[in-house]
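Have a look at the structure below, then the notes.
Letters A, B, ... mirror the listed sequences (proteins, then strands); counts begin at 1. Computed over heavy atoms, backbone and side chain alike; hydrogens, waters and symmetry mates excluded.
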2 protein chains.
Amino acid sequence: MDFDGVRTFIAVADTGQFQEAASRLSLTQQAVSKRIAALEASLGARLFVRTPRGVQLTIDGQVFLPHARSLVEAAERAADSVRPGRRRLRVDVVKPNLGSARILRDFHSAHPEIEIDVVTHLFDAKTALAAVRAGTLDATFRAITRPAQQLTDGVVATRVLDDAVELLTSHTHRLAAATSLTPAELAKHKVWMPFIAPGTEWAAYYDELAARFGLTIDTLGPDFGIDALLEVIAGSSSLATLVGEHIRLVWPAEYNLRRIPIRNPMLVYPHSLVWRSDNAHPALTKLRAYLDARKDRYRHPKAWSPPWTDR
Amino acid sequence: MDFDGVRTFIAVADTGQFQEAASRLSLTQQAVSKRIAALEASLGARLFVRTPRGVQLTIDGQVFLPHARSLVEAAERAADSVRPGRRRLRVDVVKPNLGSARILRDFHSAHPEIEIDVVTHLFDAKTALAAVRAGTLDATFRAITRPAQQLTDGVVATRVLDDAVELLTSHTHRLAAATSLTPAELAKHKVWMPFIAPGTEWAAYYDELAARFGLTIDTLGPDFGIDALLEVIAGSSSLATLVGEHIRLVWPAEYNLRRIPIRNPMLVYPHSLVWRSDNAHPALTKLRAYLDARKDRYRHPKAWSPPWTDR
DNA sequence: GAACGGCACAACCCGCGGTTGTGTCTCAGG
DNA sequence: CCTGAGACACAACCGCGGGTTGTGCCGTTC
């Protein structure tokens, strides 16, 4: 099964005859006949009944037709997704379960007509910012370290989300019963965050956090993914980790995990939207307007965040 | 852009190197290299950065990857739709705006996991029944004329929908003010139904109806489609047509059309579900159970319908 | 610095997919 | 009833796209 065959099938179905489809495709009737025969052979089903006055779709053909159309549409979309100019908006959200991804989903349900390509798993903010600068990425939700240095040549940012840090523990952990914690209380316990890759802006954030409040954060150990982490946390009464309030986490009911907010001060991880000021993509304008209209909804203005972030 | 290229792209993206992808695809590394180069050329974008230790997706590549996956999935679905055995349920509903299509949609929203291929535009019940008998169609919603003759060799039917006939007129028509009509009142006016193709079960139904109640139904004139018909009806004070209560019709507000129910007796068009008794498709079982659970919801047991339909 | 592992380029070659030519079937018209 | 037109299939041919083998280059590793 190949694209040419599918496209030929659609042309024949639309015109009702091989001849007409052939001239529309700038082919001979025999070529169209062969393509359809090949497609039918590869599918193992007859798609047309040949009549002296043209062809007619069989039931298999009628069933296949809408699939064929959606197939070429999907091909169109795929090609458009990388075509320079007039392409879908490309936004980086670090990970699909983060608060930034949730905001993007909210935006998408508010404007379902705007098509978005979500990018994840870029290594760090530096990579993402370089991509924004190069124009391969329209926007990224990232924490911005040292803004003066990184936001050069027309790359701008606004703070859009303060994700409050919470402690995630098993129900057997010594802090499990607390309804909230202060950073000072937290300093007495070890925090384990193997998913923080060294050299990223996440590592920088937690370094600052640990230094400022005297926490011990252990980022050692291989990162086997969030599910493995949750399982280990659930089975331990001494291990705990930090997560953002907006991070979507699901675990089996028997894990019985606790998410404990931190107060006095509240600690927030700062997400900014970063884009090139000369990027005229209409969907980007819509996204910025959407975020601007909600700019206070996801902010915790009195909470602590590192001094290097834009405000 | 061709399927092989897209599949190769996915294999390379998954393995992270041409070599490995090549052996997985039973190709040489050079062939993979050429395929990717050709794909990149046809898309006008670089998908991988070549490194000494393999390849890495560019941002374009990351964006393209999910599209590529959905593309091969769509291809899978398309091929499955006509593969004999283990295919989606194929149901014929005459036209997408009919009550039978609505019931099928209701069924689909009740069981979103069941995938259905909807077939329309089969010429008549005879064709549809032949397709059911041949096994190319799993079920059809049709009116059954002369059940004893047509429902031979294991093809069975149950009545699932009585679609009450209504008169559709402009607001300037002489009957426009009526809140309901009797067939006898209708007999004095001409009814125009150019969309009834001669030789179909629809024509048979309206022939019976006209003969029984003395109506004059005109099926002459070319059928330019439902929109054209509505426009003509809207502009005439003498033309009217008959439609089922469950037929979904939309028209511009200024048309100001009226749908007038018919009573004493109510006239219904009988839809039956027809299937082969030896068809073991699990989705068909579900559909039958669904319809059986609602078998009184769409019925008008006291209404008139032709004597040849199953009850 | 040599061996290794990875990708690209070059040359070759087979066969897929196109074209031309022809046969067959059906329907319309005289 | 015959004939011509129109439509699709089959056969033969052929060029080129896409595969293979062979080789080079480059960066990493020991």
Side-chain angles (χ1 to χ4, degrees), chain A residues 1-62 64-65 68 71-72 75 79 123, chain B residues 1-58 60-62 64-65 68 71-72 75 79 123 199:
Chain A
M1 172 148 105
D2 69 322
F3 270 116
D4 281 340
V6 174
R7 268 189 271 266
T8 307
F9 167 75
I10 293 173
V12 173
D14 286 345
T15 60
Q17 52 182 48
F18 286 12
Q19 301 270 29
E20 181 60 24
S23 74
R24 181 186 293 192
L25 297 169
S26 309
L27 290 175
T28 60
Q29 166 262 316
Q30 290 86 338
V32 171
S33 178
K34 273 180 150 189
R35 281 191 179 181
I36 296 300
L39 182 62
E40 289 178 329
S42 85
L43 292 173
R46 185 138 271 235
L47 299 174
F48 294 104
V49 289
R50 279 71 165 170
T51 75
R53 317 179 55 78
V55 294
Q56 210 175 355
L57 283 169
T58 62
I59 298 208
D60 279 322
Q62 289 186 42
F64 187 68
L65 182 55
L71 201 51
V72 303
F123 178 66
Chain B
M1 173 149 108
D2 69 321
F3 269 116
D4 281 339
V6 173
R7 270 189 269 265
T8 307
F9 167 76
I10 292 173
V12 173
D14 286 346
T15 60
Q17 52 182 49
F18 286 13
Q19 301 269 32
E20 183 59 25
S23 74
R24 179 185 297 193
L25 298 169
S26 310
L27 290 174
T28 61
Q29 166 264 316
Q30 291 86 335
V32 172
S33 177
K34 275 177 142 188
R35 280 190 180 181
I36 297 299
L39 183 62
E40 289 179 329
S42 84
L43 293 173
R46 185 137 273 235
L47 298 174
F48 294 105
V49 289
R50 278 71 166 172
T51 75
R53 315 179 56 78
V55 294
Q56 210 175 354
L57 283 169
T58 62
D60 279 322
Q62 290 187 40
F64 188 68
L65 182 55
L71 201 50
V72 303
F123 179 66

Using a 4.0 Å cut-off on heavy atoms, which residues in residues 31-46 of chain A reach DNA chain C? List them by number, or say none. A/Ala31, A/Lys34, A/Arg35
Give a yes/no answer on whether the side chain of A/Arg50 brings an N or O atom under 4.0 Å of OP1 or OP2 in D/dA9. yes
Just how far, in rounded Å, is P of D/dG19 from CZ of B/Arg7? 13 Å
Name the atoms and distances for all side-chain donor-acceptor pairs under 3.5 Å in residues 14-29 of chain A, with sequence neighbours left out.
unit_1: A/Asp14; atom_1: OD1; unit_2: A/Arg69; atom_2: NH2; d: 2.9
unit_1: A/Thr15; atom_1: OG1; unit_2: A/Ala11; atom_2: O; d: 3.0
unit_1: A/Thr15; atom_1: OG1; unit_2: A/Val12; atom_2: O; d: 3.4
unit_1: A/Thr15; atom_1: OG1; unit_2: A/Gln17; atom_2: N; d: 3.4
unit_1: A/Thr15; atom_1: OG1; unit_2: A/Gln17; atom_2: O; d: 3.0
unit_1: A/Ser23; atom_1: OG; unit_2: A/Glu20; atom_2: O; d: 3.0
unit_1: A/Thr28; atom_1: OG1; unit_2: A/Ala31; atom_2: N; d: 3.3

Who passes side-chain contact (heavy atoms from CB on, under 4.5 Å) against A/Asp2, sequence neighbours left out? A/Asp4
Please give me the minimum heavy-atom distance between A/Ala79 and B/Phe64, naming the atom from each residue. N-CE1, 4.4 Å
Each nucleotide in nucleotides 25-30 of chain C should get exactly one letter: B, S or -. Can you fill that in based on protein heavy atoms under 4.0 Å? -SS---
Euclidean distance, B/Leu71 CG relative to A/Phe3 CZ, rounded to 0.5 Å: 4.0 Å
In residues 41-51 of chain B, what donor-acceptor pairs under 3.5 Å come from side-chain atoms, sequence neighbours left out?
unit_1: B/Ser42; atom_1: OG; unit_2: B/Leu39; atom_2: O; d: 3.1
unit_1: B/Arg50; atom_1: NH1; unit_2: B/Glu40; atom_2: OE1; d: 3.4
unit_1: B/Arg50; atom_1: NH1; unit_2: B/Glu40; atom_2: OE2; d: 3.0
unit_1: B/Arg50; atom_1: NH1; unit_2: B/Phe48; atom_2: O; d: 3.1
unit_1: B/Arg50; atom_1: NH2; unit_2: B/Glu40; atom_2: OE1; d: 3.2
unit_1: B/Thr51; atom_1: OG1; unit_2: B/Arg53; atom_2: N; d: 3.2
unit_1: B/Thr51; atom_1: OG1; unit_2: B/Gly54; atom_2: N; d: 3.3
unit_1: B/Thr51; atom_1: OG1; unit_2: B/Gly54; atom_2: O; d: 2.8

Qualifying ring pair (Phe, Tyr, Trp, His ring centres under 6.0 Å) pairs, either residue in residues 22-45 of chain A, two or more places apart: none
Whole angstrom is fine here: how far is it from CG in A/Asp4 over to P in D/dG18? 10 Å
Contact list please: residues 13-30 of chain A against DNA chain C, heavy atoms, distance less than 4.0 Å, in numerical order. A/Leu27, A/Thr28, A/Gln30
Pick out which of A/Leu65, A/Val72, A/Val32 makes a side-chain contact (heavy atoms from CB on, under 4.5 Å) with A/Phe9. A/Leu65
